[in-house]
Number of protein chains: 2
Amino acid sequence: MTSKFTTAVHILTCIDIFGEQMRVTSDFLSGSTGVNAVIIRNVLAQLRSAGIVTTRQGSGGAHLARPLNEITLYDVYKAVECIDDEGLFRFHENPNAKCPVGRNIHKVMDGRLSAIQTAKENELKSVTLAEIVADTKKIISEE
Amino acid sequence: MTSKFTTAVHILTCIDIFGEQMRVTSDFLSGSTGVNAVIIRNVLAQLRSAGIVTTRQGSGGAHLARPLNEITLYDVYKAVECIDDEGLFRFHENPNAKCPVGRNIHKVMDGRLSAIQTAKENELKSVTLAEIVADTKKIISEE
DNA sequence: AAAGTTGTAATATTATCTATTTCAACTTTT
DNA sequence: AAAAGTTGAAATAGATAATATTACAACTTT
């Protein structure tokens, strides 16, 4: 499990909150998140590939590619964590095909576990960044 | 993420399916799962602490401590993966407290993410090992 | 007493995430 | 045109965690 998902949400929140007043560079985001600037650029690259942000060489600064209420946590998660490769659970990789349990346990569990995966994804889809940013602004204003 | 959860389900399935005919030792389970025998014994120790299996030094062989339909996937998951320590997501650990976003993002996301955690746990609670074993036996009989 | 097993600690290996270094390509400013 | 600051990306290093391995004491049965 990586921390790229929460880092990405942090990044997007910063872009929205600070983007109008200043240039949100990878260096600034590195300072806010405490994550190395190169990692930030990697995450931004993944968000860019997913059509969530725009970046430009030279001029610098990241911008949202679409409105906050059209970006769900699932979109962000899918962009930065490789969902297809591995699900919520990790299988032991070398079950013995000569054992009737060993050669079938993966198949048996897959169906049950993918239901859980789906439940997680549906929860992620139900939250947009607009809500995250609204919550953040509210907390900041009450400080 | 570890593979101890799926390994544990595999182990419990084996205990039920093979337990009447033979002694299900850590060595046998190592052969069926492809997981090192010491790791198997560690998993068994965790399942024993959770009151799911019984083991004995010397005589060998693991046994179920209660009926399959009284063991949910959640029981197994809780026994072998430290649920409290870390949730479904991993946070970047050093957000900048001097940044209004940095010092609040964790709090903002926590509520949303724990809802997802709960959804996952509820799904895990809804499946018992009795169903896993029934599915496995069905597939074996059709081979 | 011998053989086989569990329980457990200590160490090694492996995989993976994160950080770091480096530099070319690009944009804006002077 | 030059300088300063930035992104994109590759290569390497470091840190962390999961898994495997080794070793052996304690235990049970034959």
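Since this is a predicted model, take the numbers as computed values, not measurements. Every chain is numbered from 1, with letters handed out A, B, ... down the list of sequences.
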According to ring pair (Phe, Tyr, Trp, His ring centres under 6.0 Å), does anything in residues 17-36 of chain A pair up with another residue at least two apart or in another chain? List the pairs. A/Phe18-A/Phe28
OP1 or OP2 of D/dA18 versus the side-chain N and O atoms of B/Ser3: is any pair under 4.0 Å? no
Among the nucleotides D/dT7, D/dA18, C/dT18, which one has an atom lying closest to any side-chain atom of B/Thr2? D/dA18
Tell me, which pairs form a ring pair (Phe, Tyr, Trp, His ring centres under 6.0 Å) where one or both residues lie in residues 107-143 of chain A, sequence neighbours left out? none
D/dT30 pairs with which nucleotide, Watson-Crick or G-U wobble, both distances below 3.5 Å? C/dA1
Measuring from the side chain of A/Arg56 (C-beta onward, heavy atoms only), which nucleotide among D/dT19, C/dT28, C/dG7 has the closest atom? C/dT28
Figure out the CZ/P separation between A/Arg90 and C/dA15, and round it to whole Å. 10 Å
How long is the line joining NE2 of B/His92 and P of D/dA15, in whole Å? 22 Å
Nearest-nucleotide check on DNA chain D, A/Thr55 vs A/Gly58; residue mapping nearer the 5' end is A/Gly58
Can a salt bridge be assigned to the pair A/Glu131 and B/Arg112 using a cut-off of 4.0 Å between side-chain N and carboxylate O? yes
Could you check how far CG of B/Asp27 sits from C1' of C/dA3, rounded to whole Å? 14 Å
Rounded interatomic separation in angstrom, taking CZ from B/Arg23 and P from D/dT30: 9 Å
B/Leu47 has an atom CG; how far is it from atom C1' of C/dT6, in whole Å? 15 Å
Tell me: CG of A/Asn42 to P of C/dT20, nearest whole Å? 14 Å
Which residue pairs satisfy the ring pair (Phe, Tyr, Trp, His ring centres under 6.0 Å) criterion with at least one member in residues 94-143 of chain A, sequence neighbours excluded? A/Phe91-A/His106
When the distance from CD of B/Gln46 to C1' of C/dT8 is rounded to whole Å, what number comes out? 13 Å
Report yes if a side-chain nitrogen or oxygen of A/Ser26 is closer than 4.0 Å to either non-bridging phosphate oxygen (OP1 or OP2) of D/dT6; otherwise report no. no
So, do B/Leu47 and B/Thr55 sit near enough that their side-chain heavy atoms are less than 4.5 Å apart? no
According to the ring pair (Phe, Tyr, Trp, His ring centres under 6.0 Å) rule, which pairs have a member within residues 29-64 of chain B, sequence neighbours left out? none
Do any side-chain nitrogens or oxygens of A/Ser59 fall under 4.0 Å of OP1 or OP2 in D/dT7? no
Protein-nucleotides 21-25 of chain D N/O pairs closer than 3.5 Å?
unit_1: D/dT21; atom_1: OP2; unit_2: B/Asn36; atom_2: ND2; d: 3.2

If you take all heavy atoms of B/Thr72 and B/Lys125, which pair is closest and at what distance? CG2-O, 3.5 Å
Looking only at D/dA9, C/dG4, C/dC17, the nucleotide nearest the A/Arg48 side chain is D/dA9
Nearest whole Å is fine: how far is D/dA20 P from B/Leu29 CG? 14 Å
Could you check whether B/Gly60 gets within reach of a base, just the sugar-phosphate, or nothing at all, counting any heavy atom under 4.0 Å? sugar-phosphate
Considering heavy-atom distances to DNA chain C, does A/Gly34 or B/Thr25 have its closest nucleotide positioned more toward the 5' end? B/Thr25
Partner residues of A/Ser32 under the side-chain hydrogen bond (donor to acceptor under 3.5 Å, both in side chains) criterion, sequence neighbours left out: A/His10
